[in-house]
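All remarks here apply to the structure that follows.
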Amino acid sequence: MPTAFELWKAELLIVGNIVQDDDTTTPPDEAQRRFQRYCAMLDALTGAEGAHYALAIVQSVQAGHDYGAYQTANRAAWRFGEMAYCAALLQELPRLIASLPDWAGEFLVGIANGAGTPHASTITCFNTQLAAAPPAQQALIADFIAQEEDDGWFEHCPGVLGHP
């Protein structure tokens, strides 16, 4: 019998796969219902549920166009604290870089923009966890960061991410 978390995650992954405008198989009212359910599920989280919820949130990011839903997801994942947020993001970054690089950049720039602010500790947290990741994962993420420093998400803040 699945746990409450497993049931919650299964539903989150379904409704988090935001129906795209060119989807002719899903009726508009069903697409709207899923979108609203996704946001409601995220808004209901307090951050006390456990770090595995943060990972499920990042895993629920699956579509190119989110119509604002993934900003809600990002805020919900942050409720679990910087350690859980960074761990969840690091685990999912290879998938995001491969299939949804704009979302990888969007989530990472949120960390990088903390430089010189009270949120700078998240940069240290991310970089420390990245340094402890398997070498292939480190290389993939470092390459993405380096590319985006040239003319992309991190051109305004080179050298912030990926350096322990």
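Bear in mind that the values here come from a model prediction, so they are computed numbers and not experimental data.
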### Task
Apply side chain to side chain contact (heavy atoms under 4.5 Å, CB included) to Leu42 and Leu12, showing your working.
CA-CA 9 Å; Leu42 295 167; Leu12 188 75; 4.0 Å; yes
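- Heavy-atom minimum distance, Ala104 versus Leu93: CB-CD2, 3.8 Å.
- The hydrophobic cluster containing Leu90 also contains Tyr70, counting ILVMFWY residues as joined when their side-chain heavy atoms lie under 4.5 angstrom apart, directly or transitively.
- Thr3 has its side chain out of reach of Trp8: every pair of non-hydrogen atoms, C-beta onward, lies at least 4.5 Å apart.
- Under the salt bridge (Lys or Arg N to Asp or Glu O under 4.0 Å) criterion, the residue pairs touching residues 92-109 are Glu92-Arg95, with sequence neighbours excluded.
- Interatomic distance, Met41 CE to Thr72 OG1, rounded to the nearest 0.5 Å: 13.5 Å.
- Here the closest heavy-atom approach between residue Ala88 and residue Val58 is recorded as CB-CG2, 4.0 Å.
- Here the OH-CZ distance, from Tyr85 to Phe126, works out to 9.5 Å after rounding to the nearest 0.5 Å.
- Between Glu6 and Lys9, none of the side-chain N atoms (NZ, or NE/NH1/NH2) sits under 4.0 Å from a carboxylate O, so this pair counts as no salt bridge.
- The CZ atom of Phe144 lies 5.5 Å from the CD1 atom of Ile97; values are rounded to the nearest 0.5 Å.
- The closest side-chain donor-acceptor pair between His156 and Asn113 falls under 3.5 angstrom.
- Aromatic ring centroids of Tyr67 and Phe35 lie 6.0 Å or more apart.
- Remark: Glu11 engages Arg37 in a salt bridge, criterion side-chain N to carboxylate O under 4.0 Å.
- Remark: Asp43 CG is packed, more than 12 non-hydrogen atoms of other residues, nucleotides or ligands lying under 6.0 Å away.
- In this structure, Glu149 contributes its side chain and Gly159 its backbone to a donor-acceptor pair below 3.5 Å.
- The side chain to side chain donor-acceptor pair (under 3.5 Å) search around Tyr38 returns Ser60, not counting sequence neighbours.
- Between Phe80 and Tyr53, the two ring planes are parallel [angle under 30°; tilted spans 30° to 60°].
- Clustering ILVMFWY residues whenever any of their side-chain heavy atoms sit less than 4.5 angstrom apart, transitively, puts Leu55 in a cluster other than the one holding Leu89.
- Of all heavy-atom pairs between Thr122 and Trp78, the closest is CG2-CH2, 3.2 Å.
- With Glu49 contributing its side chain and Gly47 its backbone, the two residues share a donor-acceptor pair below 3.5 Å.
- When each of Asp23, Asp29, Thr24 is paired with Thr26, the side-chain hydrogen bond (donor to acceptor under 3.5 Å, both in side chains) condition holds for Asp23 and for no other.
- Criterion: ILVMFWY side-chain heavy atoms under 4.5 Å apart, direct or through other members. Under it, Leu100 and Ile145 are part of a common hydrophobic cluster.
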### Task
Decide yes or no on side chain to side chain contact (heavy atoms under 4.5 Å, CB included) for Arg34 and Val19, but give the supporting numbers first.
CA-CA 8 Å; Arg34 287 186 201 171; Val19 177; 3.6 Å; yes
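- A 4.5 Å side-chain heavy-atom check between Ile18 and His65 finds every atom pair outside the cut-off.
- In this structure, Leu13 and Gln62 have side chains that are in contact, with non-hydrogen atoms separated by less than 4.5 Å.
- No donor-acceptor pair closer than 3.5 Å links the side chain of Glu148 to the backbone N or O of Phe154.
- Of all heavy-atom pairs between Cys86 and Ile111, the closest is SG-CD1, 4.3 Å.
- Shown here for Gln71 and Asp66, the closest heavy-atom pair between the two residues is OE1-OD2, 2.8 Å.
- Using a 4.5 Å heavy-atom threshold, the side chains of Arg79 and Thr46 count as separate.
- Checked by atom type and distance alone, the side chain of Glu82 never pairs as donor or acceptor with a backbone atom of Cys125 at under 3.5 Å.
- Using the six-membered ring where Trp is involved, Phe5 and His52 have ring planes that are perpendicular, over 60° apart on the 30 and 60° scheme.
- Asn127 places no side-chain N or O within 3.5 Å of a backbone atom of Leu161 that could act as its donor or acceptor partner.
- The minimum heavy-atom distance linking Gln138 with Ala133 is given by the pair NE2-O, 2.6 Å.
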